[in-house]
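Quick note: numbers below take in every heavy atom, side chains included, and nothing from hydrogens, waters or symmetry partners. All values derive from a computational prediction rather than experimental measurement.
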Amino acid sequence: MERMIQLENLSKSFGETEVIRNISFSIEKGEVLSIIGPSGSGKSTMLRIITQLERADDGTLTVDGETLFRSVGGKAEYDRSAERRIGLKTGLVFQSFNLFPHFSVLRNVMEAQRAVLKRSREEAEEKAMALLRKMGLEDRARMYPYQLSGGQQQRVSIARALALDPQILFFDEPTSALDPELTREILHVIRGLAEEKMTMAVVTHEMHFAKAISDNAIFMDKGVIVEEGTSLFSDPTEERTRQFLSSFEGDD
Amino acid sequence: MASLIMQMLEGTVTSLRIFFLTLIFSLPLGFVVAKGKMTAIRPVRWLTDLYIQIMRGTPLILQLIFFYFAPFYLFGVSYDRFTACIVAFVVNYSAYFAEIYRSGLQSIDRGQHEAAKVLGFTRPYTFFHIILPQVIKKIMPSLGNEVITLVKDTALAQTIGVAELFRVAQTASSREFSTVPIFIAGIFYFVMNYIVSRIFSVAERKLGYYR
Ligand SMILES: Nc1ncnc2c1ncn2[C@@H]1O[C@H](COP(=O)(O)OP(=O)(O)OP(=O)(O)O)[C@@H](O)[C@H]1O
Ligand SMILES: [Mg+2]
């Protein structure tokens, strides 16, 4: 298997607080990784470093064979020339959708294709419509985000990310702003992507879902990976993992 | 009567010149000031803040007098009243517009910037196509208020002898021992502001296609 993400010894602090401590993991192509852990454990920060919304302090990250930053003398040294190229390989879906409210649904999915990838209007529109169709939102193309339900907005934001043909898609609690019914909607979409062998890393609190779709899993706490592997769902070896999972028992 | 109206129309032209020149300069300058107030460079932020505090904390009428007389007392140079008046208005209104822009910029969710960044938009593209349109919509009501205030504030230009509408009306009023010119001036201001507020409500309606 080929490696999509190789992260080694990542560290990150905000001021005095060390949020990520020496984390390493990798994601193979076509694999789905789920990331679980209590609030404040550093899950979002990790995704935000890989998607370049935050800067790493130390560590080495290689995405699809290209190195974004490398640990040199205890500091992460970024390869400026690779930043943009790697950025285009990674997509991120936010908890709060972050659609552009002043653009129609169609334009939300077309805009970056046009402005960033310089695709023609026809090509961008065709791609956008195909993705919206896939998301079951064909008839919403001309509407504005405020006219859609949360679940529909999240599906648009997934289409928007997919429109740029990312090599890997990250999800940061994509269903946390949604009620159970809409959550199912989104989980269904992610499951579909997993079946198509889209490489993904998903931060989620939906344990059954995570267990069902994951090829690999990590449990984080206080900035470190406590346990790794899908067996952590059914047969956790660490006490901390057990405690965390038991707080979800009875959940669906 | 006809000559009175002619004089008042001339005064109105002067008022409108003050109005438009102030907007042309202070609308963009306000953005620069807003950037200064939001910068991470502390001395710049501190100075910008002081400037805004002074502009908001002292009467415009005083600022007019200052900008007209200060160059003479400080450097021995003087310039014409109209220029002084425009300088004062621009310096004052840039500060007010800056505060409006800043509140607009800060009201935009951080997620908008982050989504744009992750999608690969450049910073200028993000500003002009993603952020600015949303800011404009948000600040429309307060911008409208400020522009209406500007129409009325042009009357202060008379303090340094600029023959704008209100000054013409007052002069005519004392010459003819009648308050009629003052009332006519009032109608003129009202009409100007009626037009301004219509323009703003059309703009707000046009921007109302999204929330
Ligand atoms: N920009 C920031 N400045 C300072 N501290 C931050 C910043 N972003 C995150 N933190 C802190 O870093 C820690 C990890 O935050 P992070 O958001 O990565 O956790 P998380 O695992 O995603 O939690 P949650 O499940 O609540 O989303 C928290 O203590 C948080 O307060
Ligand atoms: Mg988080």
Side-chain angles (χ1 to χ4, degrees), chain A residues 44 47-54 83-105 107-119 142-148 153 156-166 168-172 177, chain B residues 27-28 30-31 34 38-42 45 97 100-144 199-211:
Chain A
S44 296
L47 292 199
R48 292 167 59 84
I49 288 170
I50 302 174
T51 55
Q52 301 183 48
L53 289 175
E54 304 279 1
E83 282 176 18
R84 202 173 161 70
R85 223 173 25 250
I86 291 176
L88 286 174
K89 293 184 181 194
T90 59
L92 175 63
V93 172
F94 300 85
Q95 177 179 337
S96 49
F97 329 136
N98 296 337
L99 291 177
F100 304 128
H102 59 308
F103 290 160
S104 68
V105 163
R107 186 148 175 215
N108 263 281
V109 185
M110 282 176 67
E111 192 76 0
Q113 294 189 66
R114 302 268 292 123
V116 179
L117 300 185
K118 311 288 181 204
R119 286 183 184 152
R142 304 283 162 195
M143 291 188 171
Y144 285 84
Y146 80 93
Q147 296 169 305
L148 307 184
Q153 290 189 46
V156 175
S157 95
I158 294 171
R160 181 177 70 173
L162 288 172
L164 301 180
D165 298 315
I168 177 165
L169 194 49
F170 293 90
F171 292 82
D172 193 357
Chain B
L27 282 174
F31 251 108
M38 292 163 77
T39 178
I41 308 162
R42 210 170 287 168
R45 196 169 64 224
F97 287 139
I100 291 174
Y101 294 151
R102 186 175 64 91
S103 74
L105 284 166
Q106 287 175 343
S107 74
I108 303 298
D109 192 276
R110 213 165 52 115
Q112 293 289 304
H113 293 272
E114 294 184 347
K117 167 85 170 57
V118 168
L119 290 167
F121 293 113
T122 60
R123 283 173 61 112
Y125 195 93
T126 302
F127 180 74
F128 288 108
H129 294 86
I130 310 286
I131 305 302
L132 191 60
Q134 298 184 56
V135 170
I136 290 173
K137 179 187 166 83
K138 287 234 163 95
I139 65 176
M140 249 337 155
S142 20
L143 212 51
I199 290 171
F200 271 91
S201 55
V202 168
E204 277 180 47
R205 205 170 49 240
K206 288 229 160 174
L207 292 171
Y209 69 90
Y210 73 92
R211 282 204 279 270

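The parts of B/E114 that come within reach of chain A are both its backbone and its side chain, each placing non-hydrogen atoms under 4.5 angstrom from that chain. When heavy atoms are compared at a cutoff of 4.5 Å, A/L164 approaches chain B solely by way of its side chain, counted from C-beta outward. For chain B, the nearby parts of A/E111 are the backbone and the side chain; heavy atoms of each come within less than 4.5 Å. Of the atoms belonging to A/R160, heavy atoms from both backbone and side chain fall under 4.5 Å from chain B. With a 4.5 angstrom heavy-atom cutoff, B/F121 touches chain A via backbone and side-chain atoms both.
The backbone N or O of B/T39 sits less than 3.5 Å from a side-chain atom of B/R45, completing a donor-acceptor pair.
Atom CZ of B/F128 has 12 or fewer neighbouring heavy atoms from other residues, nucleotides or ligands inside a 6.0 Å radius.
Ring geometry for A/H102 versus B/Y210: interplanar angle of 30 to 60°, hence tilted.
A/L92 places a side-chain heavy atom less than 4.5 Å from the side chain of A/L47.
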For a quick test of your reading: what N or O donor-acceptor pairs under 3.5 Å do the side chains of residues 93-101 of chain A make, sequence neighbours left out?
{"residue": "A/S96", "atom": "OG", "partner": "A/N98", "partner atom": "OD1", "Å": "3.2"}
{"residue": "A/N98", "atom": "ND2", "partner": "B/G111", "partner atom": "O", "Å": "3.4"}

